[in-house]
Amino acid sequence: MNNWTEIDAAALTANYKAIQRVAGAEVLAVIKARAYGHGAERCAPILVRAGARWLGVTCASEGQQVRAALDHAGLEADILVMSGSLPKDVPAIVSAHLIPVIWTTDHIDLLAGIGCRVHVEVDTGMGRQGVRPGQDLATLLARISAAGLRLDGLFTHFCSSEVANSNLTLRQRALFEAAVQQTVTAGLTPAWLHAANSSAVDNETPEPSSGDWLTTLAAAAGSQTMVRTGLALYGYCLPIEGGALHHLSPALQPVLTWKARILAVRDLAPGDTVGYNATFIAGPAMKVALLPVGYADGLRRELSHPHGWVMVQGHPAPILGRISMNLTVVDVTAIPAASAGDEATLLGPGITAEDHARLARTISYEILCGIHPCG
Ligand SMILES: *Cc1c(COP(=O)(O)O)cnc(C)c1O
């Protein structure tokens, strides 16, 4: 590979522990989407050694790969499959001891007789997955016991957790509280209650008199609390909209570095052009380096000249012309020592996923999980 990613295990460990400290709850480490581009099989053992007893993946096949990586390292963790399951997923759920998220009676039919633990998702406003509190939840709860499944968790997912004092979040909390009440009244005690993602931990407004709302609720229900964090593990958080209080992100460090090895260095004469459609034309003479990386690897084309840069020997090297599928040209006129074989940093010290996201008009999530070196 001429472009590749590296992860900082110490930073990942420190981020995990910082989340534990701030959240004051069990921390489920979300490693879906190749651990947001960091590599699930690479990150899972590090996170388990850091103290994670729960890992979150999106589908059963990801869960199977993570289970194999843990077995290989002689480690154990509970693995929550956070999206819905289909009939083809059942063998993997059984063989890799995965814990599926369920929310319909079809899911129960699928899993009946397996005797596995399940987590029920309650839809309180995300409008994506989840059972609605009320009659639908009552039907589901009755069927869970009848099918021999064990209700290990009840949870919901916030749609606006990065917004300060969001009324949507308050309404979702109230609906989730009602769902917990309903579950307890039905005679079931889920071992775990969970709701918060990274932003919800970062944005949690302290409530000194009552303690954290979920902790209070869990104590009343006889359950334990968990948070499900992904982005923060990798050292990033969204800005909080409408407020400046970050409880978590100041303690986080980026984990990923993405590098490429310079393939060649050449000189440009005044008037020489670079890349498709010749969008860059050299003014004075300059020195440029060719990098074996492009949008096929996840280097967003929006970083093309005059927006993006990479770091070479600690100095910014602006991207020239358009980023191609597998090749990118950068300006190293100001870095005379740069030569073929040197490393260039595409994302890491000096250029963050937030820089990429701003230039590509997206969020750091999409940048990170879009990094997939192929060349
Ligand atoms: C992806 C995901 C998370 C993690 O979200 P972050 O914002 O990355 O912390 C948590 N819960 C669910 C249901 C998710 O799909």
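For the numbers below, each heavy atom of this structure counts, side chains included, while hydrogens, waters and symmetry mates do not. Just follow the structure's listing: the first ligand is 1, and inside any ligand the first atom is 1.
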Close N or O approach ([X], ligand 1; < 3.5 Å):
X	answer
Leu231	yes
Val30	no
Asn197	yes

May I ask you to identify the nearest protein heavy atom to [atom], giving residue, atom name and distance to one decimal place in Å?
atom	result
atom 7 (O) of ligand 1	Tyr365 OH, 2.5 Å
atom 8 (O) of ligand 1	Tyr36 OH, 2.5 Å
atom 14 (C) of ligand 1	Lys32 NZ, 3.0 Å
atom 12 (C) of ligand 1	His157 CE1, 3.4 Å

Can you list the atoms of ligand 1 that are under 4.0 Å from a heavy atom of [X]?
X	value
Gly230	4 (C), 6 (P), 8 (O), 9 (O)
Ser198	6 (P), 7 (O), 9 (O)
Thr229	9 (O)

Legend entry - Sole residue of Leu368, Asp202, Asn197 in side-chain contact (heavy atoms from CB on, under 4.5 Å) with Leu231: Leu368
Legend entry - Residue pairs fulfilling side chain to side chain donor-acceptor pair (under 3.5 Å) with at least one residue in residues 268-294, sequence neighbours excluded: Asn277-Arg322
Inset, instruction - Kindly state each residue pair satisfying side chain to side chain donor-acceptor pair (under 3.5 Å) with at least one member in residues 356-375, sequence neighbours excluded. - result: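 Checked against side chain to side chain donor-acceptor pair (under 3.5 Å) - neighbours excluded - the pairs reaching residues 356-375 are Arg300-Glu366, Asp355-Arg358, Thr362-Glu366.
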Legend entry - Tyr36 side chain reached by Leu256 side chain, heavy atoms, under 4.5 Å: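 No, every pair of side-chain atoms sits at 4.5 Å or beyond.
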Inset, instruction - Supply the atom-to-atom distance Met325 CE to Leu299 CG, rounded to the nearest 0.5 angstrom. - result: 13.5 Å
Legend entry - contact_flag Arg128 ligand 1 heavy-atom lt 4.0 Å: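 The answer is yes: ligand 1 sits under 4.0 Å from a heavy atom of Arg128.
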Check: [X]/[Y] side-chain N/O donor and acceptor closer than 3.5 Å:
X	Y	value
Ser83	Thr58	yes
Gln135	Thr139	yes
Thr5	Arg34	no

Inset, instruction - Under 4.0 Å, heavy atoms only, figure out whether ligand 1 is touched by the backbone of Arg228, its side chain, both or neither. - result: both
Inset, instruction - Specify side chain, backbone, both or neither for Glu121, according to which of its non-hydrogen atoms lie closer than 4.0 Å to ligand 1. - result: neither
Legend entry - Aromatic ring pairing His194/His119, orientation class (parallel under 30°, perpendicular over 60°, tilted between): tilted
